[in-house]
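Heads up, the thing below is written out as structure tokens.
Positions are given from 1, in the same order as the sequence printed here.
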Amino acid sequence: QVQLVESGGGLVQAGGSLRLSCVASGRTFSNYGMGWFRQAPGKDRELVAAINWSGSMTDYANSVKGRFTISRDNAKNTVYLQMNSLKPEDTAVYYCATNRWASLASVPRDYNYWGQGTQVTVSS
């Protein structure tokens, strides 16, 4: 059974930083691309960042480019999201997910396993 467990969310002031972690178990982590999504109240779930199986390719939403960095450590079965220069509009529940292939994937339907989510709140 595949499990994804996120951690690292919390309350931070605008301009601050957080690092989210997601530990995976139940499948060969290094075989699959990973992604971070977020969902704010009343809004659709949106891709924040994606990474391929090796970490050699990444993709970001325009709204977070230059502020967020996705990375992975296959030896630790962990994917990270470093979030800097946080803004109130970054407030959302953040989810990690594993996709169906080794490559990047950009839409939720390409992901087949999801974590339970971690709340990120950025105060102004």
Hey, mind stepping through V48 and F68 against side chain to side chain contact (heavy atoms under 4.5 Å, CB included) and telling me if it holds? CA-CA 9 Å; V48 176; F68 290 11; 3.5 Å; yes
What's the verdict on side chain to side chain contact (heavy atoms under 4.5 Å, CB included) for D110 and W101, showing C-alpha distance, side-chain angles and the deciding distance? CA-CA 9 Å; D110 290 334; W101 308 285; 3.5 Å; yes
Please step through side chain to side chain contact (heavy atoms under 4.5 Å, CB included) for the pair L81 and R19, ending with a clear verdict. CA-CA 6 Å; L81 185 67; R19 188 174 84 152; over 6 Å; no
Could you walk me through whether S17 and N84 pass side chain to side chain donor-acceptor pair (under 3.5 Å), step by step? CA-CA 4 Å; S17 298; N84 298 328; 2.9 Å; yes
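Put simply, OG1 on T69 and CD1 on I51 are 10.0 Å apart, with the number rounded to the nearest 0.5 Å. S106 contributes atom OG, which lies 5.5 Å from atom CG of L47 (distance to the nearest 0.5 angstrom). The structure places CG of L86 at 8.5 Å from OG1 of T91, a figure rounded to the nearest 0.5 Å. Taking CG of N52 as the reference point, atom CZ of R72 lies at 7.5 Å (rounded to 0.5 Å). In this structure, the separation between SG on C96 and CD1 on I70 is 9.0 Å, given to the nearest 0.5 Å. Distance CG/N112 to CG/N99: 7.5 Å, rounded to 0.5 Å.
Under the 4.5 Å side-chain heavy-atom criterion for grouping Ile, Leu, Val, Met, Phe, Trp and Tyr, V23 is not connected to V79 through any hydrophobic cluster. Residues M57 and M34 are members of separate hydrophobic clusters, defined by side-chain heavy-atom contacts under 4.5 angstrom among Ile, Leu, Val, Met, Phe, Trp and Tyr. Linking ILVMFWY residues whenever their side-chain heavy atoms come closer than 4.5 Å, directly or via other members, leaves L104 and W53 in distinct clusters. Cluster membership check: V93 does not share its hydrophobic cluster with L18, using side-chain heavy-atom separations under 4.5 Å among Ile, Leu, Val, Met, Phe, Trp and Tyr.
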When the side chains of residues 116-124 are checked against the rest of the protein, which donor-acceptor pairs come out under 3.5 Å, sequence neighbours left out?
residue: Q116; atom: NE2; partner: E6; partner atom: OE1; Å: 3.3
residue: T118; atom: OG1; partner: G9; partner atom: N; Å: 3.3
residue: Q119; atom: NE2; partner: A92; partner atom: O; Å: 3.4
residue: Q119; atom: NE2; partner: T121; partner atom: OG1; Å: 3.3

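Side-chain contact between C22 and W36 is present, with at least one heavy-atom pair separated by less than 4.5 Å. Contact annotation: the side chain of N77 never approaches that of S25 to less than 4.5 Å [non-hydrogen atoms, C-beta and beyond]. No side-chain heavy atom of Q3 sits less than 4.5 Å from a side-chain heavy atom of Y113. Contact of the R27 side chain with the T98 side chain is registered, since non-hydrogen atoms from C-beta on lie closer than 4.5 Å. The shortest side-chain heavy-atom distance between V64 and R38 falls under the 4.5 Å cut-off. By the 4.5 Å heavy-atom criterion applied to side chains, Q39 and Y95 are counted as neighbours.
When atom types are taken as modelled, the side chain of N74 and the backbone of N31 share no donor-acceptor pair closer than 3.5 angstrom. Counting only distance, with no hydrogens or angles, the side chain of T28 and the backbone of S30 share no donor-acceptor pair below 3.5 Å.
Note on ring orientation: taking the six-membered ring where Trp is involved, the planes of F37 and Y111 are perpendicular (angle over 60°, cut-offs 30° and 60°).
In this structure, R67 is not positioned above the aromatic face of Y60 in the sense of NZ or CZ being under 6.0 Å from the six-membered ring centre and within 45° of the axis. Geometrically, R45 engages W114 in a cation-pi contact defined by less than 6.0 Å to the ring centre and at most 45° from the axis.
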